[in-house]
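Here is the structure we will look at, set down as structure tokens.
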Amino acid sequence: MLTITAIKAFNDNYIWVLQQQPHTQVYVVDPGDASVVIDYLEANQLTLVGILLTHHHNDHTGGVTELQAYSQDRLTVYGPDNEKIEGITHPLHATAQPRFTLEYISGELQVLDVPGHTAGHIAYVIADALFCGDTLFSGGCGRLFEGTPAQMLNSLQQLAQLPADTRVYCAHEYTLSNLKFALAVNPNNCALQDYNERAIQLRRQDKATIPSTIALERAINPFLRASDTEIVDSIKQHFSDLNHANLDELGGFTLLRQWKDNF
């Protein structure tokens, strides 16, 4: 059985640990901080054998070189083919290598190109688990630092087409702030209201809201629902100075992301 465990890092990052029982060899996803990973490994008598990276931002990659030194350079490090990332041993291209396997982990990993947050962002799917870095968050999506709105919308639509029961392991605990914005643009969404109450209770108990699921995100995430009638009306009200005669889904998504950036 594959177990997925969160290691908290920095203020709101999650580093995900993948372990196939009964093996004690593990992989980590987006280790921005090596020290918390090493502490977890030693406390649980585990051996790190590999790293999966989604994109080049330092809060996702900052621990790679220290973990390589700790493991005496025996790590396989997978990630996007990007010169900004040090230590990658296996650069990945979703078009050239859409699937691969990991030692000690059963089943194939699927690689998805999901640019938008960064130009070379990738995501991984294994069994019913999605590791999407900073592309899709629960109730939101990543800021557009290098990509275009069209790229991000396409990436999110690709993720939304995954099976409904796919668990969404994003890299940050941003849920409550995302839901505050979602309720501002989609206030009459009952599923969103209910989820917001559950998320508030979880955070009051210092519990993670992650993983979410694709089914839940389809129901409550405004960035997956930019053509919803109430959301479109909210966008038009908020940007009342613009001409909305030809507001298509991409135009709505673009304005929605702009609104969130300044929310």
ask   = What salt bridge (Lys or Arg N to Asp or Glu O under 4.0 Å) pairs are there with at least one residue in residues 215-229, not counting sequence neighbours?
value =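 Qualifying pairs, neighbours excluded: Arg225-Asp228.
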task = Sorted by first residue and then second, give each salt bridge (Lys or Arg N to Asp or Glu O under 4.0 Å) pair with at least one member in residues 180-198; sequence neighbours left out.
result =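 Counting only pairs at least two positions apart or across chains, no salt bridge (Lys or Arg N to Asp or Glu O under 4.0 Å) contact touches residues 180-198.
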request  = Check the pair Tyr124, Tyr78 against ring-ring contact (aromatic ring centres under 6.0 Å, His included), reporting the backbone distance first and the verdict last.
outcome  = CA-CA 11 Å; Tyr124 304 89; Tyr78 299 88; 7.8 Å; no
Would you please name every residue forming a salt bridge (Lys or Arg N to Asp or Glu O under 4.0 Å) with [X], sequence neighbours left out?
{"X": "Asp81", "result": "none"}
{"X": "Asp12", "result": "none"}
{"X": "Lys84", "result": "Glu146"}
{"X": "Arg143", "result": "Asp261"}

How long is the gap from [atom1] on [X] to [atom2] on [Y], to the nearest 0.5 Å?
{"X": "Tyr195", "Y": "Gln193", "atom1": "OH", "atom2": "CD", "value": "15.0 Å"}
{"X": "Trp16", "Y": "Thr54", "atom1": "CH2", "atom2": "OG1", "value": "13.0 Å"}
{"X": "Asn262", "Y": "Arg257", "atom1": "CG", "atom2": "CZ", "value": "9.5 Å"}
{"X": "Glu173", "Y": "Asn13", "atom1": "CD", "atom2": "CG", "value": "11.0 Å"}
{"X": "Leu53", "Y": "His90", "atom1": "CG", "atom2": "NE2", "value": "13.0 Å"}
{"X": "Ser155", "Y": "His117", "atom1": "OG", "atom2": "NE2", "value": "12.0 Å"}

Would you say [X] and [Y] make side-chain contact, with heavy atoms under 4.5 Å?
{"X": "Ser35", "Y": "Tyr40", "value": "no"}
{"X": "Leu159", "Y": "Val114", "value": "yes"}
{"X": "Asn178", "Y": "Thr175", "value": "no"}
{"X": "Leu67", "Y": "Val37", "value": "yes"}
{"X": "Asp59", "Y": "His172", "value": "yes"}
{"X": "Ile235", "Y": "Ile231", "value": "yes"}
{"X": "Ile85", "Y": "His55", "value": "no"}
{"X": "Leu136", "Y": "Asn221", "value": "yes"}

Run the side-chain contact (heavy atoms from CB on, under 4.5 Å) test against [X] and tell me which residues pass, sequence neighbours left out.
{"X": "Lys236", "result": "Val232, His244, Leu247"}
{"X": "Thr24", "result": "Leu46"}
{"X": "Ala191", "result": "Asn189, Ala219, Ile220"}
{"X": "Glu42", "result": "Ile38, Tyr70"}

query = Under 3.5 Å, is there a donor-acceptor pair between the Thr166 and Asp128 side chains?
reply =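 Side chains of Thr166 and Asp128: no pair found under 3.5 Å.
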ask   = Do you see a donor-acceptor pair shorter than 3.5 Å between the side chains of His60 and Asp134?
value =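 Yes, Asp134 and His60 have a side-chain donor paired with an acceptor closer than 3.5 Å.
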Is [X] reaching over with its side chain to a backbone N or O of [Y], donor-acceptor style, under 3.5 angstrom?
{"X": "Ser212", "Y": "Val168", "answer": "no"}
{"X": "Gln45", "Y": "Leu41", "answer": "no"}
{"X": "Thr89", "Y": "Val77", "answer": "yes"}
{"X": "Gln19", "Y": "His23", "answer": "yes"}

If you compare all heavy atoms of [X] against all heavy atoms of [Y], which two are closest, and at what distance to 0.1 Å?
{"X": "Pro115", "Y": "Ala119", "value": "CB-O, 3.3 Å"}
{"X": "Gly252", "Y": "Ala226", "value": "C-CB, 4.4 Å"}
{"X": "Ala129", "Y": "Ile4", "value": "CB-CD1, 3.7 Å"}
{"X": "Cys170", "Y": "Ser138", "value": "SG-N, 4.2 Å"}
{"X": "Ala182", "Y": "Gly139", "value": "CB-O, 4.5 Å"}
{"X": "Leu48", "Y": "Ser71", "value": "O-OG, 4.0 Å"}

task = Mind running ring-ring contact (aromatic ring centres under 6.0 Å, His included) on Phe145 and His57 for me, showing each step along the way?
result = CA-CA 10 Å; Phe145 288 114; His57 286 161; 5.5 Å; yes
If Ile, Leu, Val, Met, Phe, Trp and Tyr residues are connected whenever their side-chain heavy atoms lie under 4.5 Å apart, and connections chain through other members, are [X] and [Y] in the same group?
{"X": "Ile88", "Y": "Leu92", "result": "no"}
{"X": "Val26", "Y": "Val64", "result": "yes"}
{"X": "Leu162", "Y": "Ile122", "result": "no"}
{"X": "Ile7", "Y": "Leu202", "result": "no"}
{"X": "Phe100", "Y": "Phe131", "result": "yes"}

request  = Before accepting this row, confirm whether a basic side-chain N of the pair Asp33/Lys8 lies closer than 4.0 Å to the acidic partner's carboxylate O.
outcome  =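 So Asp33 does not pair with Lys8 through a salt bridge.
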query = Taking ILVMFWY side chains as joined if any heavy atoms are under 4.5 angstrom apart, and letting links pass through other members, which residues group with Tyr174?
reply =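 Noted: Tyr174 shares its cluster with Phe137.
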request  = Evaluate side chain to side chain contact (heavy atoms under 4.5 Å, CB included) for Val29 paired with Ile15, printing each intermediate quantity in order.
outcome  = CA-CA 6 Å; Val29 182; Ile15 300 169; 5.9 Å; no
request  = Output, in order, the C-alpha distance, side-chain angles, deciding distance and verdict of side chain to side chain donor-acceptor pair (under 3.5 Å) for Tyr27 and Thr76.
outcome  = CA-CA 9 Å; Tyr27 294 79; Thr76 52; 4.8 Å; no
inquiry  = Apply side chain to side chain contact (heavy atoms under 4.5 Å, CB included) to residues Phe181 and Leu256 and explain how you reach the verdict.
reply    = CA-CA 10 Å; Phe181 174 73; Leu256 198 62; 4.0 Å; yes
query = Given Leu192 and Leu179, is the side chain to side chain contact (heavy atoms under 4.5 Å, CB included) satisfied, shown in steps?
reply = CA-CA 8 Å; Leu192 174 57; Leu179 296 184; 3.7 Å; yes
Run the side-chain donor-acceptor check on residues 102-112: report pairs under 3.5 Å with partners two or more places apart or on a different chain.
from   : atom 1 : to    : atom 2 : distance (Å)
Ser106 : OG     : Gln20 : OE1    : 3.2
Ser106 : OG     : Gln20 : NE2    : 3.4

ask   = Is there a side chain to side chain contact (heavy atoms under 4.5 Å, CB included) between Phe223 and Lys260 once you walk through the steps?
value = CA-CA 10 Å; Phe223 294 98; Lys260 178 64 167 66; 3.9 Å; yes
